[in-house]
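Taking it in order: structure first as structure tokens, then the write-up.
Just so it is clear, the structure is predicted and the values come from calculations on it, not from any experiment.
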Amino acid sequence: MYKIRVALLVDEYFGGAKTKFGGYGFLARNLVAKYLPSKDVEVEVLLKKDCGKVRLFPKCHMIDGIKVYKLAARPFDLVNALFLKHKKYDVFLSIELTTHSYRIFSKAPGKDKTLLLWIQDPRPVYEWDEIETVKLFPEHSYWDAEVYDFVHEYHKTGNVHFISQARFLDQKAKDLYRLSANTPIRYLPNPIEIDYGFDVETYQKQNSIIFLGRIESVKRGWLFAELAKAMPQYQFYMLGQAHRKVEESNAVMAPYMDIPNLHFVGHVEGARKNQLIRDAKVLVNTSIHEALPVSFLEALSYGTLLVSCQNPDALTEKFGVYTGKVLGDGFDKLPLFIDGIEKLMTDDNLRQQLARSAVSYIKQVHSLDKFKADMTDELKKCLSTKEGANKSSHRSGL
């Protein structure tokens with residue numbers, strides 16, 4: 001049986017091949033590459049070359065049974081082109097489309113190569129306008145008009161297929177890539193590993209509150225620390241660490257290190273991470289910008305409710321408290337977070353009711369089985385569309 005050969009394009013691989021830890025990398029390594037391969041699908045991962053190193057040829061790393069390639073440096077793009085020609089991938093699956101993944105895709109031979117663009121966090125200019133209201137520790141902009149223009153033009157060839165992890169992102173993607181209003185975008189939500197042995201009805205949660213994410217500018221972790229200082233009756237656990245601009249980030253967080261009920265856990269994975277999420281009653285998200293983070297899904301799978309100034313697909317207001325939009329450094333809006341936390345921590349009947357609904361929702365929408373079936377179906381559609389176009393071109397003599 002023929003397997004669809006998929007090249008997974010991503011900038012990082014959650015620590016694999018000495019890459020950084022981030023949401024895209026977590027999705028790529030711990031979910032897509034781990035669960036998508038099957039009798040129908042073969043997956044390999046393509047990464048940019050190491051920063052500061054001159055790599056003449058692509059290098060293969062075997063990680064968790066998956067071939068992960070770091071490509072040659074840009075001066076040796078011809079080598080990359082020959083490598084990609086030899087590989088003969090059927091579909092390039094890109095988690096969003098970054099500068100680096102675009103450069104890799106652009107070197108693949110053929111004018112009819114298929115790009116399956118998984119919309120994760122499109123940021124049109126109005127999103128960056130909001131992000132830039134943060135002044136305490138500004139976020140670096142990675143705006144790249146060349147990439148967005150490419151998607152706009154390449155879409156006209158019919159060789160770009162769009163899927164989206166959240167419905168509210170569709171319009172942002174259309175704005176960013178200047179797509180027509182009727183551009184088809186399939187809803188294909190991110191999966192998570194669900195603990196089916198967890199019983200939300202009987203599990204005894206702690207009076208704990210968690211933050212889960214990189215401790216960096218866009219996440220505004222200082223607001224979580226301020227909440228811990230203002231609410232000493234609860235235990236606050238900060239899961240994550242800085243990976244970019246570490247010194248600047250640490251300097252901002254340094255004044256909060258001695259708060260007795262604030263625990264800096266650092267980067268955690270596996271059983272330890274799941275235990276902290278499972279024990280908590282609330283996940284607080286203070287970000288100036290979010291798409292639909294996997295952390296929301298992980299929290300809800302354990303009946304851990306949300307308090308956030310972000311409301312992706314209305315999940316925060318459905319399974320917690322939405323504070324409303326909070327721009328700037330956010331200190332003036334701390335009372336909104338405090339009120340939301342108190343509402344969920346003190347009304348146990350409400351919390352338990354929402355927790356049951358949250359767990360049920362995650363099982364219905366974000367299961368791995370659903371993801372594998374939907375993604376495999378979409379890849380087959382990409383392949384059949386490509387084969388149909390090739391036959392049509394052959395008949396017309398092109």
Just grab all the side chain to side chain donor-acceptor pair (under 3.5 Å) pairs involving [range], residues at least two apart or on different chains.
{"range": "residues 309-318", "value": "Asn311-Glu317"}
{"range": "residues 247-260", "value": "Glu226-Tyr256"}
{"range": "residues 26-42", "value": "Arg5-Glu42, Arg29-Asp64, Lys34-Glu193, Tyr35-Glu193"}

Side-chain (Lys70) to main-chain (Lys48) donor-acceptor, under 3.5 angstrom: no
Would you call the rings of [X] and [Y] parallel, tilted or perpendicular, where under 30° means parallel and over 60° means perpendicular?
{"X": "Tyr361", "Y": "Phe319", "result": "tilted"}
{"X": "Trp118", "Y": "Phe371", "result": "parallel"}
{"X": "His267", "Y": "Phe21", "result": "tilted"}
{"X": "Phe150", "Y": "Tyr102", "result": "tilted"}

Sub-4.5 Å side-chain heavy-atom contact between Lys20 and Tyr13: no
Show me the donor-acceptor pairs within less than 3.5 Å that the side chains of residues 206-215 make with the rest of the protein, sequence neighbours left out.
residue : atom : partner : partner atom : Å
Asn207  : OD1  : Lys281  : NZ           : 2.9
Arg214  : NH1  : Glu216  : OE1          : 2.4

Side-chain polar contacts of residues 325-339 - donor-acceptor pairs under 3.5 angstrom, sequence neighbours left out - could you list them?
residue : atom : partner : partner atom : Å
Lys325  : NZ   : Glu130  : OE2          : 2.7
Asp329  : OD1  : Lys135  : N            : 2.8
Asp329  : OD1  : Leu136  : N            : 3.0
Asp329  : OD2  : Leu136  : N            : 3.4

- prompt: Quick one: is the NZ or CZ of Lys113 closer than 6.0 Å to the six-membered ring centre of Tyr89, and within 45° of its axis?
  reply: no
message: I'd like to check the side-chain contact (heavy atoms from CB on, under 4.5 Å) partners of Pro109; sequence neighbours left out, ordered by chain and number.
response: Leu84, Lys85
